[in-house]
Engineer: 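Below is a structure I'd like to ask you about.
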Amino acid sequence: MINYHPNEQLLLLHIKGELPLSMSLAVSAHAELCDICHKSLSLLTNEQTVEAFNIDSFSNDSTTDIDMDLLLEKMLDSTLDELDSTPHRPVDKGTFEVSVKGESYTLPRAFRHQINAQWQGIGKVSRLRLNTGEDKARASLLHIAADGEIPEHTHKGSELTLLLAGEFSDKFNSYKPGDFMLLDENHEHSPKTMSGCLCYTIVDAPLYFTKGFSKLLNPIGELIY
């Protein structure tokens, strides 16, 4: 069961096209995994369409129903096409996979234009940077192999984590695929995974490590976040 969701304000900003691409990807991907938020986006899209075009009501005729999946997909595709006009490798929209550390993962369709880089990492932690055209925010796929963890840290800015596959836990809770978590400088944690996990993450400032040898990374945080 998915326990953590984007709030209604984020969903509404997404519908209006007012989120940066990194966050719009997160909301779209979450909605592919979460029936609750998928339905909420459909309702909000209906409401915004009615408001924008001064429509009193939609016809009950099924031929006039709005295909919300298609509408949301076209909105995201338009944003991505504006960011990157270079040709993309054709991808089957039904399935889209990445492989790392001998594991293959099926990704939400929202990421299909974005996987054009290589995995980098040390030990059990691997990262694939995504190009969202933003100066400050860093969007990535983050893979932690089985029995891996991120050292204890807090945040100089905000950190979004969308769990795509597997599981991890910290001192706050245990998380399942689809969980959408926003953290800031008030949160200190050390995510750990027993079986491995794949996440989508956004950070807008370096992590600040608080314990052990990992504190040695803080002076070069600006270079590695």
Engineer: Please round to the nearest 0.5 Å and tell me the distance separating atom CZ of Arg138 and atom CD of Glu159.
Structural biologist: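 Interatomic distance, Arg138 CZ to Glu159 CD, rounded to 0.5 Å: 14.5 Å.
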Engineer: Please report the interatomic distance NE2(His30) to CG(Leu10), rounded to the nearest 0.5 Å.
Structural biologist: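 Spacing of NE2 (His30) from CG (Leu10) equals 10.5 Å.
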Engineer: Taking all heavy atoms of Leu128 and all of Ala117, pick out the closest pair and write down the distance.
Structural biologist: CD1-O, 3.7 Å
Engineer: Is there a side-chain contact between Pro108 and Ser28 (heavy atoms, below 4.5 Å)?
Structural biologist: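 Side chain of Pro108 against side chain of Ser28, heavy atoms only: no contact under 4.5 Å found.
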Engineer: What is the minimum heavy-atom distance between Leu160 and Met23, and which atoms define it?
Structural biologist: CD1-SD, 3.7 Å
Engineer: If you link I, L, V, M, F, W and Y whenever their side-chain heavy atoms are under 4.5 Å apart, who else ends up in the same group as Tyr175?
Structural biologist: Tyr4, Leu163, Phe168, Phe172, Met181
Engineer: Look at atom NZ of Lys211 and say whether more than 12 heavy atoms of other residues, nucleotides or ligands are closer to it than 6.0 Å.
Structural biologist: no
Engineer: Pair up each side-chain donor or acceptor in residues 141-151 with any protein partner under 3.5 Å, not counting sequence neighbours, and list the distances.
Structural biologist:
residue, atom, partner, partner atom, Å
His143, NE2, Tyr105, OH, 3.0
Glu149, OE1, Ser190, OG, 3.2

Engineer: Test of understanding: with salt bridge (Lys or Arg N to Asp or Glu O under 4.0 Å), list the residues that count as partners of Glu152, not counting sequence neighbours.
Structural biologist: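 Scan of Glu152 (salt bridge (Lys or Arg N to Asp or Glu O under 4.0 Å), adjacent residues dropped) gives none.
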Engineer: What's the verdict on side-chain contact (heavy atoms from CB on, under 4.5 Å) for Val98 and Trp119, showing C-alpha distance, side-chain angles and the deciding distance?
Structural biologist: CA-CA 10 Å; Val98 294; Trp119 290 96; 4.2 Å; yes
Engineer: Would you give the length of the straight line joining atom NE2 of His153 to atom CD of Glu188, rounded to the nearest 0.5 angstrom?
Structural biologist: 9.0 Å
Engineer: Would one find more than 12 heavy atoms of other residues, nucleotides or ligands at under 6.0 Å from atom CD of Glu18?
Structural biologist: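 Correct, the count exceeds 12.
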Engineer: In chain order, what residues pass the side-chain hydrogen bond (donor to acceptor under 3.5 Å, both in side chains) check against Ser195, with sequence neighbours excluded?
Structural biologist: Glu167
Engineer: Once rounded to the nearest 0.5 Å, what's the spacing between atom CD1 of Ile15 and atom OG1 of Thr45?
Structural biologist: 2.5 Å
Engineer: When you group the ILVMFWY residues by side-chain heavy-atom contacts below 4.5 Å and let the links chain together, are Leu183 and Leu207 in the same group?
Structural biologist: no
Engineer: With a 6.0 Å cut-off (strictly less than), is the heavy-atom count around NZ of Lys124, excluding the residue itself, greater than 12?
Structural biologist: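 More than 12 heavy atoms, drawn from other residues, nucleotides or ligands, come within 6.0 Å of this atom.
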Engineer: Tell me if the centroids of the rings in His187 and His155 come within less than 6.0 Å of each other.
Structural biologist: no
Engineer: Would you please test Val27 and Leu13 for side-chain contact (heavy atoms from CB on, under 4.5 Å) and show each step?
Structural biologist: CA-CA 10 Å; Val27 174; Leu13 290 173; over 6 Å; no
Engineer: Running the 4.5 Å side-chain criterion over Ile, Leu, Val, Met, Phe, Trp and Tyr, what cluster does Met194 land in, apart from itself?
Structural biologist: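 For Met194, no cluster forms, as it stays isolated from other hydrophobic side chains.
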Engineer: Just how far is it from atom NE2 of His14 to atom CG of Leu44, taken to the nearest 0.5 Å?
Structural biologist: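 With rounding to 0.5 Å, NE2 (His14) is 10.5 Å from CG (Leu44).
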Engineer: Decide whether Leu162 and Phe96 are clustered together by the hydrophobic rule: side chain heavy atoms of Ile, Leu, Val, Met, Phe, Trp, Tyr closer than 4.5 Å, transitively.
Structural biologist: yes
Engineer: Over all heavy atoms of both residues, which pair between Ala31 and His38 is shortest? Give the atoms and the distance, please.
Structural biologist: O-CB, 3.5 Å
Engineer: Ignoring hydrogens and angles, tell me if any N or O in the side chain of Asp204 forms a donor-acceptor pair with the backbone of Ser158 under 3.5 Å.
Structural biologist: yes
Engineer: If you compare all heavy atoms of Gln48 against all heavy atoms of Lys16, which two are closest, and at what distance to 0.1 Å?
Structural biologist: OE1-CE, 3.4 Å
Engineer: For Ser104, check side-chain contact (heavy atoms from CB on, under 4.5 Å) against everything at least two apart and list the hits.
Structural biologist: Glu97, Ser99
Engineer: Should the heavy atoms of other residues, nucleotides or ligands under 6.0 Å from CD of Glu8 be counted, would the total exceed 12?
Structural biologist: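 No.
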Engineer: Taking all non-hydrogen atoms of both residues into account, name the closest pair between Lys101 and Gly123 and its distance.
Structural biologist: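 Reported closest heavy-atom pair: NZ-O, 2.9 Å.
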Engineer: Identify the heavy atoms of Gly178 and Leu33 that sit nearest to each other, and give their distance.
Structural biologist: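 Answer, listing the atom of Gly178 first, then Leu33: CA-CD1, 3.8 Å.
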Engineer: Which distance, rounded to the nearest 0.5 Å, do you find between the CD1 of Ile2 and the CG of Asp35?
Structural biologist: 8.0 Å
Engineer: Any side-chain heavy atom of Thr132 within less than 4.5 Å of one from Pro20?
Structural biologist: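 Counting from C-beta outward, Thr132 and Pro20 never come under 4.5 Å.
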Engineer: Take Val203 and Lys156 through the test side-chain contact (heavy atoms from CB on, under 4.5 Å) and record every step on the way to the result.
Structural biologist: CA-CA 9 Å; Val203 293; Lys156 289 187 176 181; over 6 Å; no
Engineer: Any donor and acceptor pair, going by atom type alone, linking the side chain of Glu32 with main-chain N or O of Ala110 inside 3.5 Å?
Structural biologist: yes
